[in-house]
Amino acid sequence: MVTIGTDRLTKTYGDVVAVDGVSLDVAEGEVVALLGPTGCGKSTILRLVAGLEQPTAGHVLLDGRIADELSTRERRVAMVFQDYALYPHLTVAQNIGFPLRSDPEPGVDIPARVAEVARHLGIVELLDRRPRQLSGGERQRVAVARAIVRQPAAFLLDEPLSNLDAGLRAQLRTEVAALARRLGVTTLHVTHDQVEAMTMADRVAVLRRGSLQQIGTPARLYADPRTLFVAAFLGSPRPSLAQAAVYAEPDRVVVDLGSQTIELPRDDPRWAPLADRHTERVTVVLRPEALTPVAPGAVRGPELRGTVRSVENLGHESLVRVDIGALPAAPAQSRLELPEPGRHLTEPPGDRAPGARPAAWSAGTATAGTGGAGPMRPLRQALARMIPSRRPAEVPATARTEYGFYPVYDPELPAEAAGADLVVRLAGPARVRRGESMVLAVDLARMLLFDRAGERITLP
Ligand code: ADP
Ligand code: MG
């Protein structure tokens, strides 16, 4: 068993930055999922860890030691790919034993090892069959068995379940995670399926365009997403993202959704941090658990009114989509692509007096920044100079508005995340119908706000 680390791991292919300064640590025996949309660099990270690729910059660490010089074999990692190929002319037992036969380990009793691995995967009765006599799930189990037969120190899984149907995928992801834990094998599991990542992994690393957005336990990522991208990527149903602006007035703070507002009284602990953001454009994320249908005026606290757009009856619960008249916001592009905060505003945020709404904002010249916050900034700037970027140097013209910049539509996010309808969860069959109006009480403690760069605005 090993620990796996990456230290500012970077891989470029010509102009394409496939992996962009990723640093993460996987503890011995831990299962970590690499989660992100297609093309975000997940497979490249796995290939770098396996030694199938060499980093452009940064390092892979195994047990804390730089592994750059080690061959794939010396790294003792096993990989399972989506398009695993079994040898059609060999039996299951011969397929599983193949790695041991082609590269013998001294003192290993091959049939005994094959039998042991087959037992682990519940495929003992299949050992004499050929691959064409197996179902998709059985074949995938054989592929996993073949990968672990050499008793790897680490297990690298690259979307191994994505060719399977939904039911089988759910079953196998539980089995594979249980197997990795039983054998105590350090595991990196790549997937673009957030449910798979959240259910299998001890920790999930969310990636976007080659860089690490956040790593943490599934519960932590869900409850405390640091970026809009992470918030938008997790959760079922996906949360909707609504554009809003913050206005501080002497006796209250208003989160203005355009058609309606969420108001916080002066004595609310969130007043101060929000007042600092007077006139700033923000994105509001309200997940189903932040919303409760109520009778109008029945509870104290903020309410949003809307019209039921659709009802999805799932039997045990219903998902009701409510149009509250808000504008959808998709996450801002990565900070590398954004202008420096404030650069494009003719009126610097600090100069605005509380209570004054922005009258004279106008879009200035778009200048692609090399931003990034905190300690990463010098590194990012250095990398940006060193590495030719595949990213557009200019923010698309559509991103310009009278207020400066909207977050722009992000094709990496699922279509559901681009809507501004609120989703409400009701137990059992819904008694509301399309077109009916609904009043939703908003739990302010569960309201998530993000700034224009897509960074979370933390509220007490
Ligand atoms: P993921 O597994 O998350 O879908 P990949 O790691 O396969 O993403 O790819 C990340 C990016 O690097 C993509 O833009 C992809 O096109 C690019 N890429 C991957 N491998 C190569 C390669 N051998 N040559 C050129 N570009 C590559
Ligand atoms: Mg991939």
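Position 1 is the first residue of the sequence; numbering continues from there. Everything quoted here is computed from the prediction, not taken from an experiment. Order of listing sets the numbers, starting from 1, for every ligand and every atom in it.
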Those residues that, when tested against Phe81, pass ring-ring contact (aromatic ring centres under 6.0 Å, His included) (two or more places apart): none
Is any N or O atom of Ala18, backbone or side chain, closer than 3.5 Å to an N or O atom of ligand 1? no
Report yes if some N/O of Val16 lies less than 3.5 Å from some N/O of ligand 1; otherwise report no. no
Do any nitrogen or oxygen atoms of Thr38 lie less than 3.5 angstrom from nitrogen or oxygen atoms of ligand 1? no
Ion pair present between Asp451 and Arg456, side-chain N to carboxylate O less than 4.0 angstrom? no
Could you check whether any heavy atom of Gly36 sits closer than 4.0 Å to an atom of ligand 1, since that is the contact criterion I want to use? no
Is it possible for you to check whether Arg287 lies under 6.0 Å from the centre of the six-membered ring of Tyr222, through NZ or CZ, and within 45° of that ring's axis? yes
How about Asp68 and His59: does a side-chain donor come under 3.5 Å of a side-chain acceptor? yes
Examine Thr38 and say whether one of its N/O/S atoms is closer to the Mg ion (ligand 2) than 2.8 Å. no
Any carboxylate oxygen within less than 4.0 angstrom of a Lys/Arg side-chain nitrogen, looking at Asp20 and Lys11? no
Flag Glu53 as yes when one of its N or O atoms lies below 3.5 Å from any N or O atom of ligand 1, and as no otherwise. no
